[in-house]
Amino acid sequence: MQKNKIITSEHSKQTIMNKISDKAHIDPNARIGKNVTIYPFAYIEGDVVIGDNCIIYPYVSIMNGTRMGSGNRIFQNTVLGADPQDFNFRGDKSRLIIGNDNYIRENVVINRATFSDGKTVIGNKNFFMEGVHISHDTKIGHANVLGYGTKIAGNCEIGNRVIFSSGVIANPGTRVGDVAMIQSGTRFSKDVPPFIIASDNPVHYGGVNTTVLRNYGVDDKTLAHIANAYRLIFHGQTSLFDAINQVEEQVPDDKLVREIIDFVRASRLGVIGKM
């Protein structure tokens with residue numbers, strides 16, 4: 001690897017010192033930030049922005065339309081900004097937006113959006129393990145963990161601090177609320193509300209994600225309110241609409257309870273475990 005190769009960053013309009021191998025293929029129009037390390041055999045196209053302090057390992061491909069923030073580590077054989085695997089794709093110049101401080105491990109594929117007015121978005125401080133695939137137009141928040149071989153279909157929405165165990169499949173258009181946990185091998189085609197554990201096939205409600213919520217400072221009183229809300233939603237003999245009305249009537253108003261209500265009311269596909 002060539003040490004301290006001097007390059008000119010079009011983004012910063014100044015000469016900076018980076019560690020970039022002369023065996024990497026980098027289009028001269030790509031905009032590279034400061035203190036970036038790029039290993040041999042990386043492939044970077046022209047319509048790409050890479051922020052400061054990123055590390056790009058060998059055999060990574062970063063395709064046109066990718067915009068990456070600072071402090072990201074991209075491991076071997078990952079493809080960022082791949083064309084969407086969508087029969088509606090007609091070659092639009094769409095975007096993949098990646099935030100800061102993400103770890104993206106080996107063999108991950110993230111597709112950009114299908115149409116020019118769309119974008120796939122990855123937030124900050126996410127950890128994507130080997131073999132994760134994130135499809136077109138999906139939005140992922142912050143501090144999530146996606147386990148080995150997890151597959152997220154197109155147009156999904158993933159909140160913050162969500163944990164996917166290995167081999168999870170999220171079908172198109174589904175949403176996952178904050179601090180949810182999806183256990184290994186689970187497949188789902190409806191929304192997973194915040195703060196719960198989802199497991200098995202067919203997928204079902206597996207209780208409140210209490211251990212993780214406590215780690216984030218949620219007290220026992222609030223946990224009891226969350227559990228009561230979900231008792232009404234999942235164990236009551238009513239429609240989802242009526243269950244939410246019961247939550248509003250019977251459970252003390254709380255920020256996290258309100259988040260549950262708003263999430264469920266916004267659902268277009270319905271939630272797991274409810275007809």
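Residue numbers run from 1 in the order of the sequence given.
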Requested in this report: Spell out, as yes or no, whether a donor-acceptor pair under 3.5 Å connects the side chain of N111 to the backbone of D83.
Outcome: yes
Requested in this report: Consider only side-chain heavy atoms of I, L, V, M, F, W and Y, link residues closer than 4.5 Å, and tell whether F87 and V109 are in one cluster.
Outcome: no
Query raised in the report: Same cluster or not: are L240 and V192 linked, directly or through other Ile, Leu, Val, Met, Phe, Trp or Tyr residues, by side-chain heavy atoms under 4.5 angstrom apart?
Result: yes
Requested in this report: Indicate yes or no: at least one non-hydrogen side-chain atom of E106 is less than 4.5 angstrom from one of N77.
Outcome: no
Query raised in the report: Mind checking whether I74 and M68 have side chains closer than 4.5 Å, heavy atoms only?
Result: yes
Query raised in the report: Among all residues two or more places apart in sequence or in another chain, which pass the side chain to side chain contact (heavy atoms under 4.5 Å, CB included) test with N209?
Result: V179, M181, I197, V212
Query - Side-chain touch T120/I110, heavy atoms, less than 4.5 angstrom - result: yes
Query raised in the report: Would you say D200's side chain and P202's backbone share a donor-acceptor pair under 3.5 angstrom?
Result: no
Query raised in the report: Just by distance, do the side chain of S135 and the backbone of I152 share a donor-acceptor pair under 3.5 Å?
Result: yes
Query raised in the report: Taking K125 for the side chain and G99 for the main chain, is one N or O donor matched with an acceptor at less than 3.5 Å?
Result: no
**Report entry** Verdict with supporting geometry, T37 and I20, side-chain contact (heavy atoms from CB on, under 4.5 Å)
**Finding:** CA-CA 6 Å; T37 300; I20 298 179; over 6 Å; no
Query raised in the report: Is there a donor-acceptor pair under 3.5 Å between the side chain of N144 and the backbone N or O of V162?
Result: yes
Query raised in the report: Counting only heavy atoms not in K119, do more than 12 fall under 6.0 Å of its NZ?
Result: no
Query raised in the report: Would a distance-only check, ignoring hydrogens and angles, find a side-chain to backbone donor-acceptor pair under 3.5 Å from E45 to N64?
Result: yes
Scan the side chains in residues 52-59 for donor-acceptor partners under 3.5 Å anywhere in the protein, sequence neighbours excluded, and list what turns up.
from : atom 1 : to  : atom 2 : distance (Å)
D52  : OD1    : K34 : N      : 2.6
N53  : OD1    : N35 : ND2    : 2.7

Report task. Please report the C-alpha distance between F75 and I104 in whole Å, then the side-chain angles of each, then the deciding distance to 0.1 Å, and finally whether the side-chain contact (heavy atoms from CB on, under 4.5 Å) criterion is met. Result -> CA-CA 6 Å; F75 286 76; I104 301 179; 5.8 Å; no
Report task. Output all residues satisfying side chain to side chain donor-acceptor pair (under 3.5 Å) with N124, sequence neighbours left out; order by chain, then residue number. Result -> none
**Report entry** For I272 against Y205, the heavy-atom pair lying closest together
**Finding:** CD1-N, 4.3 Å
Query raised in the report: Is there a donor-acceptor pair closer than 3.5 Å between any side-chain N or O of D92 and the backbone N or O of S94?
Result: no
Report summary line: side-chain contact (heavy atoms from CB on, under 4.5 Å) with I122: of L80, I97, I134, only one passes, and it is I134
Report summary line: Here the pair of heavy atoms bringing A198 nearest to V203 is CB-CG2, 3.9 Å
Report summary line: When every non-hydrogen atom of I38 is compared with those of A24, the smallest separation belongs to CG2-CB, 3.9 Å
Query raised in the report: Any link between F234 and I261 through a network of hydrophobic side chains (Ile, Leu, Val, Met, Phe, Trp, Tyr) touching at under 4.5 Å?
Result: yes
Query raised in the report: Residues two or more places apart in sequence or in another chain: which of them pass side chain to side chain donor-acceptor pair (under 3.5 Å) with D137?
Result: T114
Query raised in the report: Hey, quick one: are I260 and F241 part of the same hydrophobic cluster, counting side-chain heavy atoms closer than 4.5 Å, chains of contacts allowed?
Result: no
Report task. With sequence neighbours excluded, tell me which residues meet ring pair (Phe, Tyr, Trp, His ring centres under 6.0 Å) with H204. Result -> none
Report summary line: Scanning both residues in full, the closest heavy-atom pair of F195 with L256 reads CE1-O, 3.5 Å
**Report entry** From CA spacing to verdict: side-chain contact (heavy atoms from CB on, under 4.5 Å), V145, M129
**Finding:** CA-CA 8 Å; V145 176; M129 296 185 186; 4.0 Å; yes
Query raised in the report: Under the ring-ring contact (aromatic ring centres under 6.0 Å, His included) rule, what pairs show up with a residue in residues 115-154, not counting sequence neighbours?
Result: Y103-F127
Query raised in the report: Side chains of V121 and I140: does their closest heavy-atom pair fall under 4.5 Å?
Result: no
Report task. Kindly write out the residues that satisfy side chain to side chain contact (heavy atoms under 4.5 Å, CB included) with K23, not counting sequence neighbours, or none if the list is empty. Result -> S21, P40, F41
**Report entry** Hydrophobic cluster membership, V251 vs L213, 4.5 Å side-chain cutoff
**Finding:** yes
Query raised in the report: With ILVMFWY side chains joined below 4.5 Å, transitively, what does I169's cluster contain besides itself?
Result: none
Report task. Answer yes if the side chains of N107 and E130 hold a donor-acceptor pair under 3.5 Å, and no otherwise. Result -> yes
Quick one: side chains of residues 263-271, donor-acceptor pairs under 3.5 Å with protein atoms, not counting sequence neighbours, listed by atom name and distance.
from : atom 1 : to   : atom 2 : distance (Å)
R265 : NH1    : E248 : OE2    : 3.1
R265 : NH2    : N245 : OD1    : 3.1
R265 : NH2    : E248 : OE1    : 2.9
S267 : OG     : D191 : OD2    : 2.7
S267 : OG     : G270 : N      : 2.9
S267 : OG     : G270 : O      : 3.1

**Report entry** Closest approach of G173 to C156 (non-hydrogen atoms, all atoms of both residues)
**Finding:** N-SG, 3.8 Å
**Report entry** F188 and N171: CA distance, side-chain angles, deciding distance, side-chain contact (heavy atoms from CB on, under 4.5 Å) verdict
**Finding:** CA-CA 6 Å; F188 58 95; N171 285 316; over 6 Å; no
Query raised in the report: Do T78 side-chain atoms and R105 backbone N/O form a donor-acceptor pair below 3.5 Å?
Result: yes
Requested in this report: Check salt bridge (charged side-chain N to carboxylate O under 4.0 Å, His left out) between D47 and all other residues, then give those that pass, not counting sequence neighbours.
Outcome: R67, R95
Query raised in the report: Does V48 reach the side chain of D27, with side-chain heavy atoms less than 4.5 Å apart?
Result: no
Query - Least distance between heavy atoms, P84 atom then R112 atom - result: CB-O, 3.6 Å
Requested in this report: Would you indicate whether the side-chain heavy atoms of Y230 and I196 approach each other to under 4.5 Å?
Outcome: yes
Requested in this report: Check salt bridge (charged side-chain N to carboxylate O under 4.0 Å, His left out) between R161 and all other residues, then give those that pass, not counting sequence neighbours.
Outcome: none
Report summary line: Residue pairs passing the salt bridge (Lys or Arg N to Asp or Glu O under 4.0 Å) test with at least one member in residues 214-237, sequence neighbours excluded, are R214-D220
Requested in this report: State, with a plain yes or no, whether a side-chain heavy atom of H225 is found less than 4.5 Å away from one of P252.
Outcome: yes
Query - Ion pair check, D254 and R258, cut-off under 4.0 Å - result: no
Query raised in the report: Do side-chain atoms of T150 reach the backbone of S165 as a donor and acceptor pair under 3.5 angstrom?
Result: yes
**Report entry** K274 (side chain) donor-acceptor with I233 (main chain) under 3.5 angstrom
**Finding:** yes
Query - Heavy-atom side-chain proximity of Q250 to L232 below 4.5 angstrom - result: yes
